[in-house]
Amino acid sequence: MSVLAVSNLAKRYRRGGEPFAAVDDVSFEIEQAETLALAGPSGSGKSTIARLVLRLIGPDAGRIDFEGHDFLALSGAALRARRARLQMVFQDPLAAFNPRATVARVLDDPLRMHNIASRTERPRHIAALLQRVGLDAGLAARAIHEISGGQRQRVAIARAIATRPSLIVLDEAVSALDVSVRGQILELLLDLQRQERIAYLFISHDLGVIRAIAHRVVILDAGRVAESGDARTVIANPQSAIGKALVAATPRLIRNRP
Ligand SMILES: Nc1ncnc2c1ncn2[C@@H]1O[C@H](COP(=O)(O)OP(=O)(O)OP(=O)(O)O)[C@@H](O)[C@H]1O
Ligand SMILES: [Mg+2]
C-alpha cells in the first residue's frame with residue numbers, strides 16, 4: 001500500500017477574471033520510505049499540489065488517499081489523528097514560526113497538541129528531538145530569530161518528526177540555504193528516512209538537489225504532468241520539452257556527477 005496516492009487532482013484559480021487550471025489532472029503515488037520530487041518551472045503548480053495534499057486548500061476534483069484512507073473525507077478526531085502522520089517543512093521557518101518563540105516552545109507545541117508526552121516528559125522529548133537533528137540541547141532556550149538559517153531548518157525538521165509522521169511534504173525546504181548547509185540538511189533528511197522509513201514529497205526547482213535526494217520525479221508544466229519516472233533516468237535523459245529545458249538550465253557540473 002502506498003503512503004500517499006493522489007488521483008486526478010485539479011485546482012482552478014482565476015487570472016484576470018479568467019479561470020485557469022493551476023493543477024490539472026495530476027496523479028502520483030509515494031511508497032513508504034520513498035522520496036518523490038515535484039519539479040517544474042515557477043508557476044507550474046508545485047506549491048498548489050503541496051497545499052492540496054496538506055488540506056490547506058480544497059481541490060476542484062480528484063482524490064487523495066493517505067495511509068489507505070480517503071483523506072478528503074476525514075473530519076474531526078479522525079482527521080486530527082491522521083494529520084499527525086503528515087507533516088511539512090517550508091522554505092522559510094522564520095515565516096512558519098513565531099520568530100520570538102523559543103526553540104523549546106516550537107517543539108513543545110506538536111507534543112502537546114497530539115498528546116505525545118506529558119508535561120513532565122516533554123523537556124526530555126525536546127532534548128531527544130534536538131539531538132536527533134544534530135542540534136545541541138542548549139539551543140532549546142534560544143529564540144527562533146537568534147539561531148542560524150540552517151539551525152532553524154533543523155528545528156523545522158525536528159518539529160515535523162515530533163509526531164512520528166509517515167510522510168513529510170517539503171516545499172523548497174533547502175532552497176534558501178547556502179550550498180554547504182544545504183548538503184548537511186539533505187544528509188539529515190536521508191538519515192531520517194533510512195532510520196524512520198519516512199516518505200518525502202520533495203518540491204524543488206533544483207534538479208541537482210532532486211538528483212541527490214529523490215527516488216522518482218514528476219515534472220510539471222502548467223499544472224499538468226509532463227513526464228515522470230526514476231529521478232536519475234529522467235534527469236539524464238528527459239523526454240518532455242519542459243524536462244529538456246529544465247535539464248539544459250542546470251549547470252553541467254551537477255548534471256554529469258556520477
Ligand atoms: N491563491 C491563488 N489565487 C490565484 N492564483 C494562484 C493562487 N495560488 C497560486 N496561484 C497561481 O497558480 C499557479 C501555480 O502556482 P504555484 O504556487 O503552485 O506554483 P509553483 O510551481 O509552486 O511556483 P514556484 O516555483 O514559483 O514556487 C501560478 O500561476 C500562481 O500564480
Ligand atoms: Mg512554489
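These numbers come from a predicted model, not from an experiment. Numbering of ligands and ligand atoms starts at 1, following listing order. By convention here, the first residue in the shown sequence is residue 1.
Within a 6.0 Å radius of CZ in Arg194, more than 12 heavy atoms belonging to other residues, nucleotides or ligands are found.
The main-chain N or O of Ile49 is never found under 3.5 Å from a side-chain atom of Lys11 such that the two would form a donor-acceptor pair. Of the possible donor and acceptor atoms, none in the side chain of Asp65 sits under 3.5 Å from a partner among the backbone N and O of Gly68. The backbone N or O of Thr163 sits nowhere less than 3.5 Å from a side-chain atom of Arg85 that would complete a donor-acceptor pair.
Ion pair Arg12/Glu18 not flagged as a salt bridge, since none of the NZ, NE, NH1 or NH2 atoms sits closer than 4.0 Å to an Asp/Glu carboxylate oxygen. Using a cut-off of 4.0 Å between Lys/Arg side-chain N and Asp/Glu carboxylate O, Arg182 and Asp206 are scored as salt-bridged.
Shown here are the protein N/O/S atoms lying under 2.8 Å from the Mg ion (ligand 2), water excluded: Ser47 OG.
Partner of Phe202 under the side chain to side chain contact (heavy atoms under 4.5 Å, CB included) criterion, out of Leu36, Val169, Leu189, Leu38: Leu189 alone.
Residues Ile147 and Arg142 come closest through the heavy atom pair CG2-CB, 4.0 Å.
Side-chain atoms of His69 and Arg82 form a donor-acceptor pair, as typed in the model, at a separation below 3.5 Å.
Taking a heavy-atom cut-off of under 4.0 Å, ligand 1 is surrounded by Tyr13, Arg15, Phe20, Ala22, Pro41, Ser42, Gly43, Ser44, Gly45, Lys46, Ser47, Thr48, Arg51.
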